[in-house]
J.: 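One structure, as structure tokens, below. Some questions next.
Any value given below was found using the heavy atoms of this structure, including those in side chains, with hydrogens, waters and symmetry copies removed.
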Amino acid sequence: MGGHRVTLLGLGTYRSHDAATSASVAASAGCPLIDTAPVYGNGKHQSAIAPVLREHPSIRVTSKVGYMTKGQAQVALSTGDLTGEDVRFRHSIAPEYVLHQIAMSRTELRRPVLDVVYLHNPEHDHQKRGDLHKRIRDAFGALEEATASGAIRGYGVATWSGFDTGAFTVHDLVRLAQEAAGRPETGLRAIQLPASLVKIAPIRDALLGNGPIGRASEAGLEVWASAPLHGGKLVRLVNERLARYISEGASPVEAALLVTASAPGLTGMLISTSSTEHWANAASVVGGPLLPETRIKDISDLLLREHA
């Protein structure tokens with residue numbers, strides 16, 4: 001059956017309307033990790049949450065490299081860390097830009113060391129230019145350099161569709177990291193992917209230790225679920241009948257979070273909220289009894305049949 005079950009609740013700032021308030025609420029509630037990116041909030045979120053991170057140095061912070069705002073692209077172009085082609089794509093995992101964005105994030109977040117830096121949707125790079133695995137390996141080389149220098153503690157891949165489309169597998173990422181490092185031991189530490197009632201397949205596969213969650217857990221990587229409420233859409237999609245089927249007495253939000261939190265092999269999931277009440281509610285779901293694996297299987301099979 002599935003692997004270990006340790007689910008933490010982290011703050012994801014992608015959809016935050018007020019990143020500073022969201023970070024303050026999460027930090028006050030004992031949040032262990034805040035996830036962000038240079039492009040979030042049109043380039044403003046990292047600087048906005050920096051004061052909270054300074055007040056709570058024990059909170060881990062994860063950022064990303066890849067996407068860029070227009071202003072960020074122009075700065076990198078002027079320093080020679082980005083090509084005109086990259087500016088047009090507004091996305092790059094070229095080694096020079098990886099190191100440029102890491103330096104920028106350390107400055108904006110006021111953290112001399114970032115805990116994890118993810119390649120942000122590297123499959124987007126593939127859609128434009130191909131030769132994805134070579135580009136990932138080259139980016140991993142830069143991330144290995146940043147790890148060795150002490151700028152970051154490790155790296156990973158945050159993807160929306162990379163595993164779904166077969167652009168890469170966990171095995172591919174481990175292999176490419178080892179090739180980049182030139183040894184079996186690497187700085188590859190984590191993956192981040194969507195897992196929810198809508199994106200149920202990774203949860204179902206994890207029951208057998210398969211799929212990206214199962215394989216990453218087996219490889220000793222952290223696995224963080226993004227969008228457990230599918231960008232808030234599940235609040236409307238989950239009716240009371242489905243919520244009761246998942247867990248008697250659960251609200252639609254609680255039911256949706258409970259399914260994701262119960263995935264075997266998951267390290268944690270990211271939610272976005274600036275409400276103390278909403279954070280406490282999500283924390284109670286994560287901290288309470290999780291669903292047995294047999295129940296997750298029944299729910300997954302039901303949803304997969306409906307979506308077939």
J.: Linking directly or through intermediates, with side-chain heavy atoms under 4.5 Å: list the remaining ILVMFWY members grouped with V75, chain and number order.
T.: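 Result for V75 is none, singleton.
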J.: Whether the E123 and T165 side chains hold a donor-acceptor pair (N or O, under 3.5 Å, no angle test) is what I'd like checked.
T.: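 No donor-acceptor contact under 3.5 Å links the two side chains.
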J.: Might you point out which heavy atoms bring A151 and I102 nearest each other, and give the distance in Å?
T.: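 Distance-wise, the nearest heavy atoms are CB-CG2, 4.4 Å.
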J.: Has the side chain of H120 got a donor or acceptor atom that lies under 3.5 Å from a matching backbone atom of I93?
T.: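 Side chain of H120 to backbone of I93: no pair is present.
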J.: Report yes or no: does D138 contribute a side-chain atom to a donor-acceptor pair with the main-chain N or O of R135 at less than 3.5 Å?
T.: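 Here the side-chain-to-backbone pair does not exist.
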J.: Does a side-chain heavy-atom distance below 4.5 Å link F168 with T159?
T.: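 Yes, at least one pair of side-chain atoms sits under 4.5 Å.
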J.: Taking S24 for the side chain and A20 for the main chain, is one N or O donor matched with an acceptor at less than 3.5 Å?
T.: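 Not at all, since once roles are kept as given, no pair shorter than 3.5 Å links the two residues.
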J.: What pair of heavy atoms forms the shortest contact from P228 to M269, and how long is it?
T.: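 Scanning both residues, the minimum pair turns out to be CB-SD, 4.0 Å.
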J.: Going by salt bridge (charged side-chain N to carboxylate O under 4.0 Å, His left out), name the pairs with one or both residues in residues 211-228, residues two or more places apart or in two chains.
T.: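 Every pair satisfying salt bridge (charged side-chain N to carboxylate O under 4.0 Å, His left out) with a residue in residues 211-228: R60-E222, R215-E218.
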J.: To check you understand the geometry: which heavy-atom pair defines the closest contact between S262 and I296, and what is its length?
T.: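 That closest heavy-atom pairing would be O-CD1, 3.1 Å.
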J.: Please tabulate, one pair per line, all N/O donor-acceptor pairs under 3.5 Å involving side-chain atoms of residues 190-205, not counting sequence neighbours.
T.:
unit_1: Q192; atom_1: NE2; unit_2: D35; atom_2: OD1; d: 3.2
unit_1: S196; atom_1: OG; unit_2: V198; atom_2: N; d: 3.1
unit_1: S196; atom_1: OG; unit_2: K199; atom_2: N; d: 3.1
unit_1: K199; atom_1: NZ; unit_2: D164; atom_2: OD2; d: 3.1
unit_1: R204; atom_1: NE; unit_2: D301; atom_2: OD1; d: 2.9

J.: Are R111 and Q46 close enough, and set up right, to give a side-chain contact (heavy atoms from CB on, under 4.5 Å), and what steps lead you there?
T.: CA-CA 11 Å; R111 279 282 179 96; Q46 294 200 143; over 6 Å; no
J.: If you measure from CG on L176 to NE2 on H133, what distance do you get to the nearest 0.5 Å?
T.: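 So the CG of L176 and the NE2 of H133 are separated by 6.0 Å.
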J.: With no hydrogens and no angle check, is any side-chain donor or acceptor of R153 less than 3.5 Å from a backbone partner on G150?
T.: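 Looks like no, no N/O pair under 3.5 Å.
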J.: Should M68 and V157 be counted in the same cluster of Ile, Leu, Val, Met, Phe, Trp and Tyr side chains packed under 4.5 Å apart?
T.: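 The answer is no; the residues belong to distinct hydrophobic clusters.
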J.: Can you give me the closest heavy-atom contact between T186 and A181, atom names plus distance?
T.: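 For T186 and A181, the tightest heavy-atom pair comes out as CG2-CB, 4.0 Å.
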J.: Give me each pair satisfying salt bridge (charged side-chain N to carboxylate O under 4.0 Å, His left out) with a member in residues 249-265, each pair once, sequence neighbours excluded.
T.: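 Salt bridge (charged side-chain N to carboxylate O under 4.0 Å, His left out) check on residues 249-265 returns no pairs.
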J.: Could you tabulate the donor-acceptor pairs under 3.5 Å formed by side-chain atoms of residues 238-247, not counting sequence neighbours?
T.:
unit_1: N239; atom_1: OD1; unit_2: R241; atom_2: N; d: 3.2
unit_1: N239; atom_1: OD1; unit_2: L242; atom_2: N; d: 2.7

J.: If hydrophobic clusters are built by linking Ile, Leu, Val, Met, Phe, Trp and Tyr wherever their side-chain heavy atoms come under 4.5 Å apart, do L8 and Y118 end up in the same one?
T.: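 Linked within one cluster.
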J.: Give, for atom OG1 of T69 and atom NZ of K44, the distance between the pair rounded to the nearest 0.5 Å.
T.: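 It is 10.5 Å, given to the nearest 0.5 Å.
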J.: Please determine whether residues L143 and V39 belong to a single hydrophobic cluster, defined as Ile, Leu, Val, Met, Phe, Trp and Tyr linked transitively by side-chain heavy-atom distances below 4.5 Å.
T.: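 L143 does not cluster with V39.
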J.: Going hydrophobic residue to hydrophobic residue with side-chain gaps under 4.5 angstrom, can you get from Y40 over to I59?
T.: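 They do not share one cluster, since no chain of ILVMFWY contacts under 4.5 Å joins Y40 to I59.
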J.: Rounded to the nearest 0.5 Å, what's the gap from CG on D81 to OG on S92? Could you check?
T.: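 So the gap between those two atoms works out to 10.0 Å.
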J.: E179 vs R175, test: salt bridge (Lys or Arg N to Asp or Glu O under 4.0 Å). Steps then yes/no.
T.: CA-CA 6 Å; E179 291 175 1; R175 172 179 57 81; 3.3 Å; yes
J.: So, does T260 use its side chain to make a donor-acceptor pair with the main chain of L257 at under 3.5 Å?
T.: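 Judged by distance alone, no pair lies under 3.5 Å.
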J.: H100: which residues meet the ring-ring contact (aromatic ring centres under 6.0 Å, His included) condition with it, sequence neighbours left out?
T.: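 Result, ring-ring contact (aromatic ring centres under 6.0 Å, His included) vs H100: Y97.
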J.: Looking at A142 and V98, what are the two nearest heavy atoms and their distance?
T.: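 Closest approach of A142 to V98, heavy atoms only: CB-CG1, 4.0 Å.
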J.: Would you find a donor on one side and an acceptor on the other, under 3.5 Å apart, between the side chain of H45 and the backbone of T13?
T.: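 Here the side-chain-to-backbone pair exists.
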J.: At what distance, to the nearest 0.5 angstrom, does OG1 of T273 lie from NE2 of H17?
T.: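 The OG1 atom of T273 sits 10.0 Å away from the NE2 atom of H17.
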J.: Go through the side-chain N and O atoms of Y67 and Q72 and say whether any donor and acceptor fall under 3.5 Å apart.
T.: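 No, no side-chain donor-acceptor pair sits under 3.5 Å.
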J.: In sequence, state the C-alpha distance, the side-chain angles, and the governing distance for W279 and C31, and then conclude on side-chain contact (heavy atoms from CB on, under 4.5 Å).
T.: CA-CA 10 Å; W279 183 273; C31 169; 3.7 Å; yes
J.: Could you measure the distance from the CG atom of D18 to the CD1 atom of I49? Nearest 0.5 Å is fine.
T.: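 The distance works out to 12.0 Å.
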J.: Does R137 reach the main-chain N or O of A180 with its side chain, forming a donor-acceptor pair under 3.5 Å?
T.: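 No; zero donor-acceptor contacts below 3.5 Å.
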J.: Compare every heavy atom of W224 with every heavy atom of G10, then report the nearest pair and how far apart it is.
T.: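 It is N-CZ3, 3.9 Å.
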J.: Let's go through V117 and S105 carefully: what are the C-alpha distance in whole Å and the side-chain angles of both, what is the deciding distance for side-chain contact (heavy atoms from CB on, under 4.5 Å) to 0.1 Å, and is it a yes or a no?
T.: CA-CA 10 Å; V117 169; S105 292; over 6 Å; no
J.: Between atom OG of S47 and atom CG of L109, what is the distance when rounded to the nearest 0.5 Å?
T.: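 Rounded to the nearest 0.5 Å, the OG-CG separation comes to 7.5 Å.
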J.: Parallel, tilted or perpendicular, judged at 30° and 60°: which one describes the rings of Y155 and F140?
T.: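 Y155 vs F140 ring planes: tilted.
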J.: Using atom types as modelled and distance alone, determine if a side-chain donor or acceptor of S274 lies under 3.5 Å from a backbone N or O of S22.
T.: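 No, S274 side chain to S22 backbone: no donor-acceptor pair under 3.5 Å.
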J.: When you look at L229 and I271, which way does the side-chain contact (heavy atoms from CB on, under 4.5 Å) test go after all the steps?
T.: CA-CA 8 Å; L229 296 177; I271 67 165; 5.7 Å; no
J.: How about H124 and R90: do any of their side-chain heavy atoms sit closer than 4.5 Å?
T.: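 No, side chains not in contact.
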J.: Is there a donor-acceptor contact under 3.5 Å from the side chain of S217 to the main chain of I213?
T.: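 Side chain of S217 to backbone of I213, a donor-acceptor pair under 3.5 Å: no, none is there.
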J.: In this structure, would W160 and V65 fall into the same cluster of hydrophobic residues linked by side-chain contacts under 4.5 Å?
T.: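 Different clusters.
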